[in-house]
Visitor: 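Can you read through this structure? Questions will come right after.
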Amino acid sequence: MTSTGRFTLPSEENFAEKTKELAELWGADAIRNSDGTHLDESVLALGKKIYSAYFPTRAHNEWITLHMDETPQVYLLTGRVLAEADIVDVPLMDGFFEEQLKPNRDADPHKYWEVVDRTTNEVVDASLWTLDEDTDTVHVSGATPMHEYTVSFLAYIIWDPVEMYNHLTNGWGDKEHEIPFDIYHPATRKFVFDTFEQWLKDNPQVDVVRFTTFFYQFTLLFDQKQREKVVDWFGCACTVSPAALDDFEKEYGYRLRPEDFVDGGAYNSAWRVPRKAQRDWIDFLSGFVRTNVKKLADMSHEAGKEAMMFLGDQWIGTEPYKDGFEDLGLDAVVGSIGDGTTTRMIADIPGVKYTEGRFLPYFFPDTFYEGNDPSIEAWDNWRKARRAILRSPIARMGYGGYLSLAAKFPKFVDTVTHIADEFRDIHDRTGGVAAEGELNVAILNSWGKMRSWMAFTVAHALPNKQTYSYYGILESLSGMRVNVRFISFDDVLEHGVADDIDVIINGGPVDTAFTGGDVWKNPKLTETLRAWVRGGGAFVGVGEPSSLARFQAGRFFQLADVLGVDEERYQTLSVDKYFPTVTPEHFITADVHVDPSAREAWEKAGYRIPLSGCGGGQGIKPLGGIDFGEPIANTFPVNEDVTLLRADGGQVQLAVNEYGKGRGVYVSGLPYSAANARLLERILFWASHNEDKYTAYSSTNPECEVAVFPDAGQYCVINNTDRPQSTDVALPDGSIEHFDLDQSAIAWRNL
């Protein structure tokens with residue numbers, strides 16, 4: 001086992017001796033600076049590989065203060081204002097942070113702004129409104145009383161959102177606000193490349209340029225109380241300028257409206273079913289960004305340095321899974337490790353020489369303060385990441401922030417020592433090769449491959465009440481013994497279903513990018529998927545799969561016949577729904593613990609008697625044992641041949657359905673937990689008729705997972721909890737091996 005390498009350590013000014021000590025303890029072979037820090041000469045002299053964070057479009061106020069019309073811009077949507085007469089005033093900046101955003105009064109508002117009657121959704125003629133620049137208020141005449149009005153207006157971004165976040169989080173006080181700039185403007189673009197060329201000459205000691213990131217920040221807007229107002233990690237709202245809008249019109253032959261950006265206040269969330277204008281802008285922006293990223297990478301290489309991209313901050317326009325990313329010439333991608341899903345988001349990126357994960361916690365005072373134990377988060381982060389790393393290795397790991405803070409916590413220092421050694425040990429044992437996957441699983445949504453491992457996300461790795469029931473699908477899959485890919489509806493319509501796919505999963509709420517929206521009006525989609533399942537394929541639906549917001553042909557789920565389940569949308573209440581008897585024992589639910597008292601109550605409540613009626617459903621007390629997350633109300637079996645595995649409270653939570661030679665499975669929701677990951681694993685093996693493959697190298701304890709490495713001749717068992725666990729592992733020859741694992745432990749055995 002190697003005891004050094006594959007580790008990037010953050011450092012800062014006046015901390016050389018401790019940096020050397022921790023570098024040796026953690027086996028660091030590279031040192032980096034973080035935002036707001038610099039490396040001492042004595043640190044540079046340690047002989048480690050040197051990363052330097054580089055910000056192409058900030059930290060040069062001496063330039064941008066002379067060109068304040070060349071900062072990035074964003075379309076903002078005002079609050080809705082009710083007209084009580086034929087004149088209404090709409091204030092622009094109510095609800096926005098004026099230290100971050102400033103209305104663009106330079107470009108003709110009547111050309112680039114828009115006033116909308118939100119009651120009729122009609123655009124108000126430009127002749128009927130004026131801008132009062134002194135008060136940043138739009139006066140609208142000819143208004144209709146009791147209608148609501150909004151203004152969509154261009155605003156300059158005058159404080160870099162990430163530097164602002166770091167500034168506010170760390171209490172940087174009077175430190176000058178860093179103003180971002182937009183390279184779409186030729187003069188600023190020339191400044192950026194001239195500055196970088198000089199920086200390369202001035203920093204010969206740097207081995208890796210860690211671009212943090214490139215040109216356009218994801219949508220991150222704050223309100224007047226300095227709170228996050230709009231956060232969309234995929235958002236392209238902060239990428240506009242009059243020049244870019246005009247060029248887009250020349251290239252694509254139509255003009256984008258402000259509404260194409262503000263989207264009624266949704267700001268084109270990744271959850272929205274993507275529209276033509278949104279997709280075209282992404283393509284237009286990506287072309288511009290990638291051309292200039294390629295130039296930065298080439299300049300880095302000419303100076304003898306590697307070019308590394310941080311997957312975060314100003315990453316918009318790069319889309320690492322979008323076709324052509326490998327042509328940019330980047331050497332590496334580094335990203336923040338929040339859980340298994342974000343680990344895979346980084347690890348699976350094609351077209352780079354290596355990937356690196358920045359583990360949590362970040363060395364900031366919001367975590368490293370007296371009385372807190374940062375090692376708890378470090379262990380939790382490692383356990384989540386480890387199960388994904390076994391399935392898709394990252395080459396390197398590291399941390400970020402102020403090393404001087406972390407050094408004050410000896411328990412945390414010991415924790416990182418253990419994690420770093422274990423990370424290297426995994427690489428040494430496996431040669432950086434992924435564990436074997438036994439099934440091929442495809443996630444079907446509107447975005448497909450372009451946003452692999454990015455589905456169901458709002459903000460990077462942060463929980464959300466409305467999303468966790470779906471995000472759990474990805475988190476479960478991230479460390480599961482299956483191979484995962486992401487396919488789009490367009491892929492299926494154009495090419496059908498690939499021969500090697502065993503299971504397709506479609507899940508999410510109705511009318512979102514993840515269930516597809518109006519794409520289900522295309523009969524070719526349902527024809528293709530039905531034929532594939534009837535021929536032996538497996539289709540798993542979660543939440544409101546294959547759903548159409550508008551009741552169509554008597555169905556809400558367009559593949560209700562495949563799933564065996566549909567949802568009552570208050571259109572067929574006069575039609576009786578007959579629920580067959582629930583089947584509590586099944587291959588899928590074999591690992592679900594049901595308390596005996598719950599089963600007794602379940603049986604006494606009459607669950608063995610099929611219930612019927614307008615609404616029907618199983619009645620009084622749930623059988624329990626599974627967390628289905630946010631409920632999907634009023635789901636019902638479409639016929640009595642469907643096998644219900646859970647059906648409580650008048651709706652179906654879990655059902656299976658034979659469909660020709662194939663199978664369909666419906667699950668109402670799947671938040672992440674060890675038990676739900678096990679449930680999904682069993683669903684996938686059952687649905688694809690691979691039950692006979694399930695036992696070998698399976699763990700009897702869902703809190704423990706097994707990863708097999710045939711080429712290395714080894715397998716490992718991991719404990720994904722902070723408590724000791726015991727489990728039995730079934731081997732292919734039928735024998736059983738018992739494991740007693742300490743908290744967070746990993747155990748290796750030869751095949």
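Positions are given from 1, in the same order as the sequence printed here.
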Visitor: Only counting residues at least two apart or in another chain, list the ones meeting side-chain hydrogen bond (donor to acceptor under 3.5 Å, both in side chains) with Trp113.
Guide: none
Visitor: Assess the side chains of Asp283 and Ser286: does a donor N or O sit below 3.5 Å from an acceptor N or O?
Guide: no
Visitor: Ignoring hydrogens and angles, state whether a donor on the side chain of Glu114 or Ser152 is under 3.5 Å from an acceptor on the partner side chain.
Guide: no
Visitor: Out of Trp271, Trp447, Phe489, Tyr470, which residue meets the ring-ring contact (aromatic ring centres under 6.0 Å, His included) rule with Phe514?
Guide: Trp271
Visitor: Ion pair present between Arg272 and Asp511, side-chain N to carboxylate O less than 4.0 angstrom?
Guide: no
Visitor: Sequence neighbours excluded, which residues qualify as ring pair (Phe, Tyr, Trp, His ring centres under 6.0 Å) partners of Tyr252?
Guide: Phe248
Visitor: For Val230, which residues count as a side chain to side chain contact (heavy atoms under 4.5 Å, CB included) partner, sequence neighbours excluded?
Guide: Thr219, Leu221, Tyr267
Visitor: Above 12 or not: heavy atoms from other molecules or residues under 6.0 Å from NZ of Lys102?
Guide: no
Visitor: Would you say the side-chain atoms of Ser300 pair up with the backbone N or O of Glu306, donor to acceptor, closer than 3.5 Å?
Guide: no
Visitor: State which residues pass side-chain hydrogen bond (donor to acceptor under 3.5 Å, both in side chains) with Glu249; sequence neighbours excluded, sorted by chain then number.
Guide: Arg255
Visitor: Identify, with sequence neighbours excluded, every residue that meets ring pair (Phe, Tyr, Trp, His ring centres under 6.0 Å) alongside Phe288.
Guide: Tyr184
Visitor: Look at atom OH of Tyr165 and say whether more than 12 heavy atoms of other residues, nucleotides or ligands are closer to it than 6.0 Å.
Guide: no
Visitor: Go through the structure and list residues passing side chain to side chain contact (heavy atoms under 4.5 Å, CB included) with Gln466, not counting sequence neighbours.
Guide: Asn464
Visitor: Taking distance alone, no hydrogens or angles, what donor-acceptor pairs closer than 3.5 Å link side-chain atoms of residues 210-217 to residues at least two apart or in another chain?
Guide:
from: Arg210; atom 1: NH1; to: Thr212; atom 2: OG1; distance (Å): 3.2
from: Thr212; atom 1: OG1; to: Arg210; atom 2: O; distance (Å): 2.8
from: Thr213; atom 1: OG1; to: Phe310; atom 2: O; distance (Å): 2.8
from: Thr213; atom 1: OG1; to: Gly312; atom 2: O; distance (Å): 2.2
from: Tyr216; atom 1: OH; to: Asp182; atom 2: OD1; distance (Å): 2.5
from: Gln217; atom 1: OE1; to: Gln314; atom 2: NE2; distance (Å): 3.2

Visitor: Strictly by modelled atom types, are Tyr51 and Glu356 linked by a side-chain donor-acceptor pair under 3.5 Å?
Guide: yes
Visitor: Determine whether the aromatic ring centres of Tyr75 and Phe153 lie less than 6.0 Å apart.
Guide: no
Visitor: Taking side chain to side chain contact (heavy atoms under 4.5 Å, CB included) as the test, write out the residues that go with Val484, two or more places apart.
Guide: Ile443, Trp453, Leu477, Val482, Phe486
Visitor: Verify the distance criterion only: is there a donor paired with an acceptor across the side chains of Asp339 and Tyr672 at less than 3.5 Å?
Guide: no
Visitor: Please list, chain by chain and in numerical order, all residues satisfying ring pair (Phe, Tyr, Trp, His ring centres under 6.0 Å) with His177, sequence neighbours excluded.
Guide: Trp159, His167
Visitor: For His60, which residues count as a ring pair (Phe, Tyr, Trp, His ring centres under 6.0 Å) partner, sequence neighbours excluded?
Guide: Phe191
Visitor: Can you sort out the partners of Asp298 under side-chain hydrogen bond (donor to acceptor under 3.5 Å, both in side chains), two or more places apart, ordered by chain and number?
Guide: Lys294
Visitor: List for me each residue that meets side-chain hydrogen bond (donor to acceptor under 3.5 Å, both in side chains) alongside Trp233, sequence neighbours excluded, and say none if there are none.
Guide: none
Visitor: Can you tell me if Asp280 and Gln278 form a side-chain donor-acceptor pair at under 3.5 Å?
Guide: no
Visitor: Is it true that Gln73 and Ser241 share a donor-acceptor pair across their side chains at a distance under 3.5 Å?
Guide: no
Visitor: Just by modelled atom types, is the His110 backbone N or O under 3.5 Å from a matching donor or acceptor in the Asp108 side chain?
Guide: yes
Visitor: Could you check whether Arg80 and Thr150, counting side-chain N and O atoms only, form a donor-acceptor pair closer than 3.5 Å?
Guide: no
